[in-house]
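Below: the structure, in structure tokens.
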Amino acid sequence: MDKEKEMLKAIFETIEEGIYVIDQNYTIEYMNSQMVELFGEGTGKKCHRLLNDSDTLCPWCRAPEVFRGNRLHWELYVPKADKTFALTELPLKNPDGSMSKLCIFRDITERKQREAKLAASEERYQNLFEHVGVGVYISSKEGRFLDANQAFIQMMGYDSKEELLNIDITRDLYVRPSDRRKFQEMIERDGRVVEYEVEFKRKDGTPITVLLTSHVRYDHHGNVLGYEGITVDLTERYMMEKKLREARDFMNKIIHSSPSPIMAADLKGNIFIWNRAAEETLGYPASETIGKMHITKIYPEGLAYRIMKMIRSPEHGGVGLLRSHPMLYVRQDGKVIDGTLSAAMIYDDDGNEVATVGSFVDMTDRIEMERTLRSTQEQLLQSEKLAAMGRLTSQIAHELNNPLFGIMNTLELLKSEIPPENKRRKLLDMSLSETVRLAEMLRKMLSFSKPDQEEKSQVNINTIIDELLMLHDKQLRENSIKIKSELADNLPEIYASRNQLRQVFLNMISNARDAMPEGGTLSFKTRHQNDHVFIEISDTGQGIDQENINKIFDSFFTTKDTVKGVGLGLSVCYGFIRDHGGDIKVRSSAGEGTTFTIFLPVSETPAENRENELDKTAP
Ligand code: ADP
């Protein structure tokens, strides 16, 4: 018997598991060396002292079950050893009828850890499969889904995985079933397909464009089982691109149909936006401007550089802005026009300058309008001034006229009483000639304020000029003035006041004489052009200073001393010519002479005019 026991013990020693035996009082009767190695020597001790360092039964103890005759096989984690064991517990009946328990401890800690790791990684993969943002699927070669994640189910519009697993891929998924065959050919040839763009249809039939990346699944013998892969829904991206394209087209339309000229250029000055209004205003067609022309070309030299400086400075509406600034532009035909420019710098997301955009306004019409308005206002003021002067002048002239004639008469009387050889007679003559001059001046003043209501008739300008030059020929020669006249043949007659025109030309002659004290040339030229008769009167005299050129037609403007000039001549001439529907222009440079150009319309008689007008309004 002992021999048997000894053999059994020897066998137990060869076993890798820990083995121990307890009696019904939980006292350890036997431990093999593996058990001693695990928990230390404990034969004779209570088993709970050995396994749990405790005087009471272990909380997990199932010995009573065993003593009742049950065999147990279970797993237990023992904190003291920090190990998990597979326990096998067997009841042993002693020859005396008492019970013992044999317990086998197999260390399964490492296996448990491996299992736990595997479970965790499987869970991670399952999580990834379910929650990844793209559709993931596994399909069979025959065309059934074996598995698919939630994203794919949703992408295809199915309510559940079961529903999806039931469909026929070739028929129900592909918009064009031939695409599935193409896909299979590619994947079976190369083992994989990368970013294959194809159209699928959702459960409700709506097509979506997807990007398919897939590889083959083989069985152990290398036969194709099916495919697994991912799908990305491109529909949204396409929609987004479409929306972006539409937004860009819309922006382009706004820019191109804007009535304000709009342009944009990169930092090198290459124009990339040039709308229709810009084409019209500056004349450069977009086809020759965008990508071809440099922005500096639309500005006078150096201005583009100054504009960039202004945009970058904080002084014109803030850094990066230029608010409605007066500007000059060079049109395609080379003409420089006035305008305004509003511009802004365009920055990228990192705040770097990338381009400038500008909108401009052509001010030519407005400036011209303002000029006309100003000149009309000036003319109005001038005529009001003239009217007031006229009234004053006529009053003064009237008041002076009578006493002056009284003085003249008295002087004439005195003259008759003093013999010509008398010394005082010369003084008297001088007084008399000055009084005559005064009377002449008064006459001029009166004719200015109350222009003679002259009869108008058909007159020939050439004839009037000829007569006047003949009359003044001698006097001009005495002043060393040469006369040149180039009068056009067949000059049409005009309807005018002969007297007033004489007065105008006379005034021009006398001004020319004053301007050429040392002599010179006085020329008269006439020509017929555009329904007007042009009369050019030039002298080679001292000319008119630039600062005075705009004033010479003003009443009372004179550069002559008080004896010679009153400054009414040209203003009276101007009034006469305007009355005739004509105009006077002057060109002069100081020291080189002066040219007055008078032009008068060639018109029919007033009677004919009236008839024509009646014709026009006739129903
Ligand atoms: P007045 O002869 O009395 O000065 P006008 O109205 O005829 O007045 O002329 C105004 C001014 O215009 C003159 O004082 C003179 O300065 C200038 N002017 C007119 N004609 C000529 C001319 N042919 N050459 C130079 N200056 C002239």
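Numbering of ligands and ligand atoms starts at 1, following listing order. Any value given below was found using the heavy atoms of this structure, including those in side chains, with hydrogens, waters and symmetry copies removed.
Ile337 pairs in a side chain to side chain contact (heavy atoms under 4.5 Å, CB included) with only one of the listed residues (Asp365, Val330, Leu282, Ile367), which is Leu282. A side chain to side chain contact (heavy atoms under 4.5 Å, CB included) with Ile577 is found for one member of Ile584, Val572, Ile535 and no other, namely Ile584.
Partners of Thr364 according to the side-chain hydrogen bond (donor to acceptor under 3.5 Å, both in side chains) rule, which considers only residues two or more places apart in sequence or in another chain, are Asp362.
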Please report, to 0.1 Å, the donor-acceptor pairs under 3.5 Å made by any side chain of residues 309-317, with sequence neighbours excluded.
| unit_1 | atom_1 | unit_2 | atom_2 | d |
| --- | --- | --- | --- | --- |
| Arg312 | NE | Glu353 | OE1 | 3.2 |
| Arg312 | NE | Glu353 | OE2 | 3.1 |
| Arg312 | NH2 | Glu353 | OE1 | 2.9 |
| Ser313 | OG | Met310 | O | 3.3 |
| Ser313 | OG | Glu315 | N | 3.2 |

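Expressed to the nearest 0.5 Å, how far CZ of Phe534 lies from NE2 of His528 amounts to 9.0 Å.
Those atoms of ligand 1 that come under 4.0 Å of a heavy atom in Thr559, given as number and element, are 13 (C), 14 (O), 15 (C), 16 (O). For ligand 1, the atoms lying closer than 4.0 Å to a non-hydrogen atom of Phe596 are 20 (N), 23 (N). Less than 4.0 angstrom separates some heavy atom of Thr558 from each of these atoms of ligand 1: 1 (P), 4 (O), 14 (O). Atoms of ligand 1 lying under 4.0 Å from any heavy atom of Thr594, numbered from 1 in the order shown and given with element: 24 (N), 25 (C). Atoms of ligand 1 found under 4.0 Å from any heavy atom of Ile552 (numbered from 1 in listed order, with element): 6 (O), 10 (C), 12 (O), 17 (C). Within ligand 1, counting atoms from 1 as listed, the ones closer than 4.0 Å to a heavy atom of Ala515 are 22 (C), 24 (N), 25 (C).
Under the 4.0 angstrom criterion for non-hydrogen atoms, Gly541 is not in contact with ligand 1. Contact annotation: Phe553 has no heavy atom less than 4.0 Å from any atom of ligand 1.
Heavy atoms only, all atoms of each residue included: Thr235 and Thr209 are closest at OG1-N, 3.3 Å.
Residue nearest to atom 23 (N) of ligand 1, selected from Ile549, Asn511, Asp545, Asp539: Asp539 (by heavy-atom distance). Looking at Leu570, Val572, Asn507, it is Leu570 that brings a heavy atom closest to atom 6 (O) of ligand 1.
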- Message: With side-chain contact (heavy atoms from CB on, under 4.5 Å) as the criterion, how do Arg527 and Leu487 come out once you've worked through the C-alpha distance, each side chain's angles and the decisive distance to 0.1 Å?
- Response: CA-CA 7 Å; Arg527 69 192 147 90; Leu487 306 182; over 6 Å; no
